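Worksheet: one structure, shown below.
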Amino acid sequence: MTSQETHPEPALTQGRDWFKSAVVYQIYPRSFADSDGDGVGDLRGIIGRLDYLSNLGVDVVWLSPVYRSPQDDNGYDISDYRDIDPVFGDLDTLDELLDGLHARGMKLVMDLVVNRTSDEHAWFKESRSSKDNPKRDWYWWRTPRGGIEPGTPGAEPNNWGSAFSGPAWEYDQASGEYYLHLFSKKQPDLNWENPEVRAAVYDMMNWWLDRGVDGFRMDVINFISKDPALPDGPKADGMLYGDGGPHYICGPRIHEFLQEMHQEVFAGRDKDLLTVGEMPGVTVEDAVLFTDPAREEVDMVFQFEHVALDQEGGNKWRPKKLLLTDLKKSLGRWQDALGERGWNSLYWGNHDQARAVSRFGDDGQYREVSAKMLAAVLHLHRGTPYVYQGEELGMTNMTFGAISDYRDIEVLNHHREATTHLGHTDAEVLAALAPLNRDNARTPVQWDATRHGGFTTGSPWIVVNPNTNTINAAAQVEDPESVYNFYRRVIDLRHTDPVVAHGDFTMLLPDDEHVYAFQRSLPDAELLVLGNFSGTARTADVGVPAWGDAVQVLGNYPPDAGLRLRPWEVKVFRRAV
Ligand code: NOJ
């Protein structure tokens with residue numbers, strides 16, 4: 001094998017399939033860049049970093065919510081869908097951001113949070129105002145269970161727990177009824193059975209598309225169709241509440257609702273738009289249906305299987321060691337299932353997950369090489385890759401001290417429930433929280449080595465990781481060997497080599513506990529990707545001499561022919577066939 005780089009012709013992916021050669025970058029605005037010194041990131045901060053994004057080579061920016069919001073769940077609780085929260089800016093600044101992205105050839109995808117609103121949204125205020133208000137039925141109101149004093153434990157209409165601890169129901173004293181909230185009590189669930197709700201949501205989506213945005217990332221969109229009977233869910237030993245999931249995950253009308261949304265919002269628009277549905281608990285079988293272009297639902301979904309493999313029973317507060325064979329089995333199954341029909345999204349991290357290099361790589365001695373290896377392995381799968389802010393710098397998890405260092409409602413509520421109702425000590429809860437809590441990913445982007453990492457001139461809303469001294473954008477942008485510049489090369493490969501965007505996928509060495517190996521194939525070209533997921537040298541025995549004349553097109557060590565991999569090494573070979 002030789003080590004020169006090849007320069008294949010551009011993939012020229014156009015039309016419906018444009019997103020197959022695209023890379024998406026996620027911005028979590030609170031933590032990206034603060035322009036006004038209030039300690040919270042904002043739209044003008046993003047505008048100041050557009051050249052950084054354009055230089056990275058990404059095609060699309062997905063912006064986590066910036067709408068008006070009481071910020072109970074950092075903007076995933078929206079009180080006005082058609083305005084920007086003052087902490088982030090205003091509509092004019094959003095338009096300026098959109099223009100700035102478009103001028104650089106990038107698209108803007110907004111977050112769409114319509115499984116629920118904030119309890120401070122005008123719709124909910126009306127709904128709550130009386131039992132006969134015309135919007136009463138826009139949310140899920142139910143009477144207390146009989147025989148128990150309303151508002152006391154056990155009187156909730158069913159046994160469902162909220163994802164943020166406690167019951168999924170809040171008692172409204174004034175009307176004597178409960179409302180459903182799958183997340184915090186400030187996030188009441190909308191009733192999608194009501195056609196007026198659906199029409200109002202579609203109207204709002206059309207308003208944003210008419211304004212020029214290029215699509216939506218749809219928050220827990222597979223929760224919008226609930227079994228209207230709202231039956232109790234199974235309750236595991238040791239749990240305080242039942243699991244309502246079987247009655248709202250990909251519920252009875254979900255495909256109908258998404259097809260209707262497509263007709264009412266996206267159909268007939270003469271523009272390349274992107275739709276990605278966040279779908280916890282989605283199965284591969286359902287994902288094929290959601291993403292089959294002929295069914296006109298969404299372009300791709302975020303599935304959660306591979307980010308639950310390092311937890312006992314899918315409980316993120318009970319972390320366990322990840323087996324590489326499990327990871328390959330899971331991702332390989334998704335590659336196979338969505339190979340002919342449908343399309344995958346690819347991610348290691350986002351604002352709800354731990355930092356990729358800390359979770360799947362080595363954030364100590366091999367931080368840089370392992371961050372690069374992870375980038376290459378993920379991006380060279382078949383699907384659309386997502387880069388979460390700071391991942392391109394190899395940013396790591398944060399070591400938090402006391403519970404008061406945390407900001408995430410999920411963490412704070414869990415800590416309260418576990419210490420007050422489950423008998424756990426503070427130290428036990430903090431230890432369990434450390435590896436997978438969401439604040440790991442929410443510490444600010446590390447722009448430079450100055451105070452607060454160049455994120456803000458004020459006091460940051462959450463602590464900046466002290467390793468900004470060594471891990472930061474300023475140091476990496478100019479360094480050709482940095483993680484950032486490796487991401488540029490990986491992204492460029494998807495843009496220029498059709499086998500990355502369109503090739504078939506074949507998993508190799510499924511039983512190897514250390515090497516992640518796969519092949520991508522088109523009739524005239526093949527890629528071989530070998531990633532060492534360990535800090536020890538390994539050999540990937542994938543069938544030389546068949547690959548003997550291939551060219552190494554990407555690697556994270558000085559090139560060296562052959563199938564021997566140094567610690568956390570990745571090698572990517574290409575050959576014409
Ligand atoms: C999914 C979002 O990604 C997450 O950040 C949020 O907390 C939940 N939806 C509930 O709002």
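Quick caveat: nothing in here was measured; it's all calculated off a predicted structure. As the structure lists them, so they are numbered: ligands from 1, and atoms in each ligand from 1.
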Is [X] salt-bridged to [Y], cutoff N-O under 4.0 Å?
{"X": "Arg44", "Y": "Asp36", "result": "no"}
{"X": "Lys135", "Y": "Asp137", "result": "no"}
{"X": "Arg198", "Y": "Glu193", "result": "no"}
{"X": "Asp203", "Y": "Arg82", "result": "yes"}
{"X": "Asp408", "Y": "Arg438", "result": "yes"}
{"X": "Asp172", "Y": "Arg128", "result": "yes"}
{"X": "Glu410", "Y": "Lys316", "result": "yes"}

Quick check for you: to the nearest 0.5 Å, what is the distance between Leu209 atom CG and Arg211 atom CZ?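 These two atoms lie 12.0 Å from each other.
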Suppose I only count heavy atoms of [X] and a 4.0 Å limit; which atoms of ligand 1 are within that range?
{"X": "Phe183", "result": "8 (C), 10 (C)"}
{"X": "Asp219", "result": "1 (C), 2 (C), 3 (O), 9 (N)"}
{"X": "Arg438", "result": "4 (C), 5 (O), 6 (C), 7 (O)"}
{"X": "Arg442", "result": "5 (O)"}
{"X": "Gln187", "result": "11 (O)"}
{"X": "Phe164", "result": "7 (O)"}
{"X": "His351", "result": "2 (C), 3 (O), 4 (C), 5 (O)"}

Residue and atom name of the nearest protein heavy atom (relative to [atom]), distance in Å to one decimal:
{"atom": "atom 11 (O) of ligand 1", "answer": "Arg116 NH2, 2.4 Å"}
{"atom": "atom 5 (O) of ligand 1", "answer": "Asp352 OD1, 2.7 Å"}
{"atom": "atom 7 (O) of ligand 1", "answer": "Asp73 OD2, 2.7 Å"}

Any heavy atom of Gln353 closer to ligand 1 than 4.0 angstrom? no
With the threshold set at under 4.0 angstrom, would you say Glu278 reaches ligand 1 through any of its heavy atoms?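 In this structure, Glu278 qualifies as a contact of ligand 1 - some heavy atom is under 4.0 Å.
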